[in-house]
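Bear in mind the structure is a predicted one, so any value in this text is a computation, not a measurement. Order of the sequence lines sets the chain letters (A, B, ...), proteins ahead of strands, with each chain counted from 1.
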Amino acid sequence: MASIRVVHYLNQFFGQIGGEEKADIVPFSKEGPVGPGTALVQALDGDMEIVGTVICGDTYFNENLEAATEKVIALIAGFRPDLLIAGPAFNAGRYGMACGAVCTAVQERLKIPVVTGMYEENPGADMYKKQIYIVKTGNSAAQMRKAIPALARLAGKLARGEVMGSPAEEGYLARGIRRNVFHEQRGSARAVAMLLKKLQGEPFDTEYPMPVFDRVTPRPAIKDLSKAKIALVTSGGIVPKGNPDRIESSSASKFGRYDLSGINDLDENTFETAHGGYDPVYANQDADRVLPVDVMRQLEKEGVIGRLHNIYYATVGNGTSVANAKKYAHAIGEELKQEKVDGIILTST
Amino acid sequence: MDSRQVLIITNNPMVKNTNNAEICFVIGDCGQVLYQVFNQVAMGRRLLSHPLAGSIKFEDNPYRSVVLSKPETDVDLSTLAMLEKCLEKVEAGVRERTAAKGGLAFARDFQMIDKELLDEAMQALGERQV
Amino acid sequence: MQLELGNILVKDVQWGSRSEIRKGVVYVNRQELLDTLKDDRLARIDIDIVRPGDAVRICPVKDVLEPRVKVEGKGQVFPGFFGNAEMVGSGKTNVLKGMTVLTVGKIVGFQEGIIDMSGSGAEYTPFSRTINLVLLCDQADGLPQHEHEEAVRMAGLKATRYISQLAANVTPDESVTFATKPLAQQMAEFSGLPKVAYVYMLQTQGLMHDTYLYGLDVKKILPTFLYPTEVMDGAVISGNCVSACDKNTTYHHMNNPVIADLLARHGQDLNFIGVVATNENVTLLDKERSSNFTAKLVESLGVEGVIISEEGFGNPDADLIMNCRKIEALGIKTILITDEYAGRDGASQSLADGNPLANAVVSGGNANAVIELPPMPKVIGYIDAVEIIAGGFDGALKKDGSITVEIQAITGATNELGFNRMGALEF
Amino acid sequence: MVKELEEVVDVPVVHVCTVVPISLTVGANRIDPAVAIPYPLGNPQLNRSEELALRRGIVEKALQALSTDVTEQTVFQ
């Protein structure tokens with residue numbers, strides 16, 4: 001009987017290489033199960049077999065995202081697997097991110113089912129739960145014994161292409177996908193039952209949890225401004241004269257990134273606005289009125305701030321869709337994160 | 001309320017030449033209409049009719065007319081929050097637009113329904129004393 | 001107010017030389033019915049009978065009605081359209097259970113409403129399980145849409161009334177009695193049981209989005225009190241004909257499941273005080289006013305909890321949330337019934353409005369979910385509309401007659417009165 | 001946009017903008033009110049040095065916002 005070939009992904013710690021000091025270890029593979037894999041083997045259905053384990057250091061993975069993903073995928077593909085299990089990562093943030101990234105990439109490229117396990121608050125859970133099945137686990141490795149059977153059961157279902165039940169039935173993190181089901185009772189009877197529970201103060205399950213109003217937790221303040229690298233971003237459409245990227249005056253479909261090296265002041269010969277929503281005369285006369293490069297350079301020279309980041313980003317806010325604005329902010333954000341800026345001033349008109 | 005005291009933002013050609021009200025005619029889809037509405041509300045106008053039609057899908061419906069008040073001094077925050085939600089729905093709808101070609105053949109019917117809903121709103125507003 | 005519903009279980013509907021009911025079979029004299037329906041505004045009316053399991057597709061469906069006739073007590077069924085808007089809801093009413101009168105007419109091009117009597121689509125609509133007398137109505141040339149809608153609506157009411165009168169002297173197979181008392185007395189009953197009310201939101205945006213109460217256009221009312229039994233006698237009539245999945249047909253109103261299920265627990269687990277009918281208007285001021293009056297009325301009824309049902313989607317989501325918010329602010333618990341537009345992949349935001357106070361929601365399902373309907377040898381109506389109807393899309397209609405649609409196109413699929421077992425959950 | 005920047009870059013972001021209510025609705029945590037829509041950080045009525053001082057004031061307020069811990073949306077007047 002042909003068995004289902006499973007590959008297991010682990011970090012350096014669960015891969016029994018070592019702790020934080022080994023976190024930069026490059027991906028490699030071993031035949032058969034390692035560490036928690038041996039427990040998994042016992043929990044998996046008889047026709048499933050862990051043919052290999054791929055191990056990668058968490059630091060290495062997160063700092064070399066693309067290269068690490070490529071290597072890990074190549075190693076996994078080498079085992080000709082039918083299914084990938086990653087983790088569980090519990091509440092380990094970098095491990096969770098790695099499990100999520102590996103699973104998502106394998107699902108996309110190798111077209112095989114994938115499953116991982118994490119604690120709900122693991123940042124990797126939030127990042128990847130919409131794309132892959134993540135079994136809900138406790139927050140530490142002490143919960144391993146509980147996590148393994150759940151992971152194995154879901155893996156079996158996925159490998160056989162069985163219909164997946166609800167998150168509550170199957171123990172995975174809800175992916176935010178609304179799917180139609182047929183209940184036992186009609187809607188009105190469910191409403192009456194829910195009303196009676198709510199009236200009696202008993203717990204009840206709403207069928208549609210209202211999305212919480214989207215807010216971001218304020219990030220902690222900059223401790224020492226005089227060492228901080230500050231970046232400028234504007235939705236006021238300040239662009240080098242001639243608008244080299246052709247940013248539209250409204251409903252912008254792109255954003256621009258421009259170099260400020262050696263520029264201490266914006267003037268009408270070098271910068272202008274692409275914004276179409278207001279009278280552009282004042283910004284064209286002196287673009288510092290929208291993007292305060294002159295003042296930032298002063299403050300840099302005086303040592304009030306460590307330094308001004310040498311790239312600034314510009315979009316046009318006017319009529320730009322909410323979705324597009326989010327998309328640009330993500331792209332800009334990724335770059336600024338790489339550049340390790342300490343704070344951002346966003347100016348809008 | 002005097003109809004001359006309102007601004008109608010619309011992309012519906014059937015509404016374009018309505019007399020007695022200030023018309024802002026938008027060339028574009030419903031999303032573009034809502035962006036204009038958002039800008040106007042941010043500048044202090046009050047929303048008088050709801051930005052979404054009832055029971056016609058955003059992605060199918062090519063036409064929308066929205067009624068706003070004259071500018072006031074302050075900005076109505078809760079309306080901006082509501083508009084953001086509506087825009088999210090409309091933008092999600094655009095992603096999987098459906099009626100497209102077929103819808104255009106029925107453009108007049110869509111225009112007519114939008115105008116009917118606008119007329120209902122204008123009539124309700126007309127009965128109001130300010 | 002006490003009403004006895006006498007159900008006559010309809011075994012079949014057939015053409016006959018004489019209109020009558022014999023041994024549970026409804027015989028209809030076709031010509032006589034056609035003569036009753038005569039209307040200059042309609043160039044042609046075609047009548048057909050379809051049964052569960054038939055390989056038939058009906059489209060675009062406008063309304064569905066249930067034949068009911070008053071045999072004792074004041075007034076007439078569909079008050080305000082027939083008679084002098086006398087109060088209904090007491091005495092005895094006979095019901096032809098298991099059949100409907102169903103109107104079909106293309107009023108605007110993009111109109112929806114598919115009913116399949118068999119195949120995969122059948123399980124999404126309750127009207128695949130009833131025997132339907134189908135009226136296909138074509139308008140006279142140049143008839144404006146307002147009048148067209150009214151003509152088809154009246155044809156449905158008249159045909160239903162004609163059929164129902166055959167049941168006036170038939171002994172029902174079973175009967176059930178429903179009763180609620182005037183406010184002060186009802187409040188005094190069932191001490192210890194929680195008092196609850198039902199907030200009944202009705203679509204009232206304008207053409208193709210209207211509802212009538214005792215013949216009155218509901219957009220012109222302030223929220224008002226109804227006894228649950230009034231609705232069973234046809235006090236609420238649908239004038240809706242867009243968004244098939246979540247409009248309440250007249251049949252749904254007459255068989256309102258929220259009312260039925262509250263009455264089923266009445267005196268057992270709860271004390272059902274009554275119904276507050278309210279509207280869904282186009283202007284924000286009207287929305288505010290109606291929700292303020294709804295909350296005030298609910299408060300004055302002295303109830304501890306309410307069920308609120310929505311009709312349609314889009315801006316009515318705002319009415320739903322306003323009602324919820326204002327009623328919860330009074331310390332009265334709310335349950336909402338709605339449906340969802342979460343996109344074909346189910347990943348988008350479902351409603352156009354939201355509030356943390358709306359923490360108890362029943363979902364009628366995701367209307368954007370896509371379904372493939374098999375070819376049907378017989379089609380009543382105009383299937384070409386499928387490409388344009390809400391929920392349909394380009395290429396939806398294939399050469400072999402099969403169609404791919406969002407379930408929004410199916411009449412009653414995601415009903416927001418909670419008529420169906422279907423609902424959406426998060427996966 | 002401001003929300004996403006704060007989330008992605010994981011550092012404080014200050015929103016310098018003219019229409020504070022919009023900034024509040026779009027979810028900015030640190031808000032620095034600006035002068036006017038066509039010239040948020042300037043004023044053409046003023047002479048060069050006055051305008052520079054005005055701009056410096058607004059930017060210093062922005063930096064103050066970045067170096068102040070907040071727990072909820074805060075407007076730095």
**Q** Please indicate whether A/Lys197 has more than 12 foreign heavy atoms, meaning atoms of other residues, nucleotides or ligands, lying under 6.0 Å from its NZ.
**A** no

**Q** Return the option, out of C/Pro194, C/Ala424, C/Pro356, with the maximum number of heavy-atom pairs under 4.5 Å with chain A.
**A** C/Ala424

**Q** For C/Phe272, is it the side chain, the backbone, both or neither that has a heavy atom under 4.5 Å from a heavy atom of chain A?
**A** neither

**Q** Are there over 12 heavy-atom neighbours, none belonging to A/Glu202, within less than 6.0 Å of that residue's CD?
**A** yes

**Q** Rounded to the nearest 0.5 Å, how far does OH of C/Tyr341 lie from CZ of A/Arg178?
**A** 14.5 Å

**Q** Relative to chain A, which of C/Ile259, C/Asn355, C/Thr414, C/Asn415 shows the most heavy atom pairs under 4.5 Å?
**A** C/Asn355

**Q** Would you say that more than 12 heavy atoms from the other residues, nucleotides or ligands in this model lie under 6.0 Å from the CD of A/Glu66, or not?
**A** no

**Q** What are the two closest heavy atoms between A/Phe204 and C/Ala360, and how far apart are they?
**A** CE1-CB, 3.4 Å

**Q** So, taking the atom named CD1 in A/Ile177 and the one named CG in C/Asn366, what distance separates them when rounded to the nearest 0.5 Å?
**A** 10.5 Å

**Q** Evaluate side-chain contact (heavy atoms from CB on, under 4.5 Å) for C/Leu270 paired with A/Leu196, printing each intermediate quantity in order.
**A** CA-CA 8 Å; C/Leu270 52 83; A/Leu196 290 173; 3.9 Å; yes

**Q** Go through the atoms of C/Val196 and report whether side chain, backbone, both or neither lie under 4.5 Å from a heavy atom of chain A.
**A** side chain

**Q** If every non-hydrogen atom of C/Gly354 is compared with every non-hydrogen atom of A/Met210, which pair is closest and at what distance?
**A** CA-SD, 3.6 Å

**Q** Are any side-chain N or O atoms of A/Lys198 and backbone N or O atoms of C/Thr334, one a donor and one an acceptor, separated by less than 3.5 Å?
**A** yes

**Q** Does a side-chain heavy-atom distance below 4.5 Å link A/Met164 with C/Phe427?
**A** no

**Q** Is it the backbone or the side chain of C/Leu193 that comes under 4.5 Å from a heavy atom of chain A, or both, or neither?
**A** neither

**Q** So, applying side-chain contact (heavy atoms from CB on, under 4.5 Å) with A/Arg186, which one of C/Asp261, C/Asn420, C/Leu417, C/Val258 is it?
**A** C/Asp261

**Q** Rounded to the nearest 0.5 Å, what separates atom CZ in A/Arg179 from atom CD in C/Glu426?
**A** 11.5 Å

**Q** Do you know the tightest heavy-atom contact between C/Ser363 and A/Glu207?
**A** N-OE1, 2.8 Å

**Q** Does the side chain of C/Leu425 reach to within under 4.5 Å of the side chain of A/His183, using non-hydrogen atoms?
**A** yes

**Q** Examine whether an atom of A/Tyr133 lies under 4.5 Å from a heavy atom of chain C, and if so say whether it belongs to the side chain, the backbone or both; otherwise answer neither.
**A** neither

**Q** Heavy-atom cut-off 4.5 Å, strictly under: side chain, backbone, both or neither for A/Glu170 against chain C?
**A** neither

**Q** Within the supplied structure, the quantity of interest is the number of heavy atoms (other residues, nucleotides, ligands) at a distance under 6.0 Å from A/Gln131 CD; does it exceed 12?
**A** yes

**Q** At what distance, to the nearest 0.5 angstrom, does CZ of A/Arg190 lie from CD1 of C/Ile335?
**A** 12.0 Å

**Q** Which heavy atom in A/Asn180 sits nearest to a heavy atom in C/Ala369, and how many Å separate them?
**A** ND2-CB, 3.4 Å

**Q** Which atoms form the tightest heavy-atom contact between A/Leu195 and C/Lys333, and what is the distance?
**A** CD1-O, 4.3 Å

**Q** Measuring from atom CG of C/Leu262 to atom OG of A/Ser188, what distance do you get when rounded to the nearest 0.5 angstrom?
**A** 8.5 Å

**Q** Mark yes when over 12 heavy atoms from residues, nucleotides or ligands other than C/Lys97 sit less than 6.0 Å from its NZ; otherwise mark no.
**A** yes

